Amino acid sequence: MPSLKDLRNRISSVKATQKITKAMQMVAAAKLRRAQLAAEAARPYAERMEKVLASLAAGLGAGSNAPALISGTGSDQTHLLIVCSAERGLCGGFNASIARLARDKANALLREGKTVKIICVGKKAYDVLRRQFGDKIIELIELRGIKALNFGVAEPIGAKIIDLFDKGEFDVCTLFFSRFQTVILQIPTALQLIPLQIPEKADAQVTSTGAAYEYEPEEEDILVSLLPRNISVQVFRALLENAASEQGARMSAMDSATRNAGDMIKKQTMLYNRSRQAMITKELIEIISGAEAL
Amino acid sequence: MASFSFELVSPEKLLFSGQVDAVIAPGTEGEFTVLKDHAPFMTTLKPGVIEIDAGSKKEKLFVRGGFADVAPNGFTILADYAIPLGELSAATIDADIATAEAALKDAIGNETHRLAQEKRDQLRELKAALHL
């Protein structure tokens with residue numbers, strides 16, 4: 001049985017924790033709104049880009065002279081996994097679920113005898129994956145010092161991917177991030193970047209209108225400059241979705257932490273009052289029985 | 001004047017969306033104007049100024065390159081980076097020129113070298129034209 005003083009200390013410490021989690025929840029809520037706006041603002045560009053690419057690729061057909069970024073290198077021996085996670089913890093299962101998806105994929109590939117290389121964007125996934133795949137992680141890109149997530153952040157990452165691809169360091173590139181659905185629902189997603197997968201739906205719609213397109217410069221030239229851009233855009237989009245997901249996950253995690261702390265305070269206070277009451281009763285009984293004995 | 005729908009998007013946001021009468025854009029192979037019912041066409045853009053004529057409202061924006069897609073149902077520009085011309089300062093352009101020069105130094109192979117040089121020259125020209 002803990003003493004009254006112990007109980008008092010316990011209650012005040014839980015109260016302090018509750019204040020912290022409450023503050024974190026509110027901060028996450030404010031950041032979430034901003035991140036959500038940014039993610040929505042970036043959507044039109046990515047959608048248009050997809051459409052343009054689809055029409056270009058449809059015009060090109062399954063031609064043999066399609067750039068390697070679309071057709072691939074012809075092999076799928078070496079896989080590059082780009083794992084985007086948060087820089088901080090305390091956001092529920094957010095980092096863990098991305099890392100788990102990437103780990104499952106990496107294990108599956110290794111079982112098939114493929115070579116796996118990993119680039120981590122954000123420190124948390126690195127911390128998790130390092131234990132198992134320490135020798136396969138070729139780079140860690142930290143986002144810690146970055147205040148506002150703008151396109152300038154994604155561009156160097158995209159450039160790095162293209163650079164590695166041109167050097168023949170990998171054949172297939174997959175991007176892992178968390179798609180923002182709602183505040184309480186984030187879906188860890190794997191998106192194949194190279195070779196590019198063009199959505200079927202856009203394809204069908206374009207062939208009807210895109211027949212008489214004129215290109216300036218040549219179709220291939222446009223495609224060649226467009227494809228690397230698309231990689232950066234996809235990375236950018238993943239980072240934005242991730243940022244929104246992270247804040248959403250943190251918000252709901254901190255919300256339930258605050259609620260847990262509240263429950264705990266209630267329980268402890270009840271226990272404290274009971275033991276205080278028991279002590280008083282005990283003292284009274286002692287006094288009364290002492291008086292009776294006289 | 002007949003109007004058509006026009007959209008200007010950068011990776012970070014949608015900058016302009018609406019009905020316009022005419023748009024002048026800096027294509028890599030020359031400036032061009034798009035009016036209603038322009039033939040479908042697609043081109044890359046060089047750094048320059050986009051002029052939007054939406055009847056009563058006229059807007060000028062600086063873009064750092066991108067793509068233009070003239071489709072039967074409207075005109076879309078995917079800009080790498082775009083800001084209203086009023087907010088453009090000499091420092092921004094100078095920074096761009098510096099980046100282009102650095103790229104020129106690192107360029108390997110004739111083709112990349114030529115492209116980098118072109119980009120730098122375009123930026124210098126633009127700076128002179130805007131009297132910055």
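Just so you know, these numbers come straight off a predicted model, no measurement behind them. Residue numbering restarts at 1 for every chain, and letters A, B, ... go by the order of the sequence lines. The basis for the numbers below is simple: all heavy atoms, side chains too, and nothing from hydrogens, waters or symmetry mates.
At a heavy-atom cut-off of under 4.5 Å, chain B is reached by no residue from residues 172-189 of chain A. Scanning residues 24-33 of chain A against chain B with a 4.5 Å heavy-atom cutoff picks out nothing at all.
Ranking B:Ala79, B:Gly66, B:Gly27 against chain A, the residue ahead of the rest is B:Ala79, based on heavy-atom pairs under 4.5 Å.
Remark: the A:Asp171 side chain and the A:Ser75 side chain contain an N/O donor-acceptor pair separated by less than 3.5 Å.
Partner of A:Ile118 under the side-chain contact (heavy atoms from CB on, under 4.5 Å) criterion, out of A:Ile82, A:Val83, A:Leu140: A:Val83 alone.
No side-chain heavy atom of B:Thr33 sits under 4.5 Å from any side-chain heavy atom of B:Val23. Contact of the B:Glu31 side chain with the B:Glu51 side chain is not registered, since no non-hydrogen atoms from C-beta on lie closer than 4.5 Å. Considering only heavy atoms from C-beta on, A:Ile119 stays 4.5 Å or farther from A:Ile137 through its side chain. Side-chain contact between A:Val52 and B:Phe67 is absent, with no heavy atoms from C-beta onward closer than 4.5 Å. Using a 4.5 Å heavy-atom cutoff, the side chains of A:Gln77 and A:Thr115 are in contact. Using a 4.5 Å heavy-atom threshold, the side chains of A:Ile138 and A:Leu164 count as touching.
Using a 4.0 Å cut-off between charged side-chain N and carboxylate O, B:Asp69 and A:Arg48 make no salt bridge.
If you measure heavy-atom distances from B:Ser10 to chain A, the contacts under 4.5 Å come from the backbone alone. Neither the backbone nor the side chain of A:Leu240 has a heavy atom closer than 4.5 Å to any heavy atom of chain B. Residue contact with chain B, scored on non-hydrogen atoms closer than 4.5 Å, involves the backbone and the side chain of A:Phe151 alike. Of the atoms belonging to B:Thr44, heavy atoms from both backbone and side chain fall under 4.5 Å from chain A.
Note on residues 222-251 of chain A: pairs passing salt bridge (charged side-chain N to carboxylate O under 4.0 Å, His left out), not counting sequence neighbours, are A:Arg43-A:Glu241, A:Glu155-A:Arg229, A:Arg229-B:Asp80, A:Glu246-A:Arg250. For residues 157-170 of chain A, the pairs satisfying salt bridge (charged side-chain N to carboxylate O under 4.0 Å, His left out) are A:Lys117-A:Glu169, A:Glu139-A:Lys160, A:Asp163-A:Lys167, with sequence neighbours left out.
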From CA spacing to verdict: ring-ring contact (aromatic ring centres under 6.0 Å, His included), B:Phe41, A:Tyr215: CA-CA 6 Å; B:Phe41 125 102; A:Tyr215 296 95; 8.9 Å; no
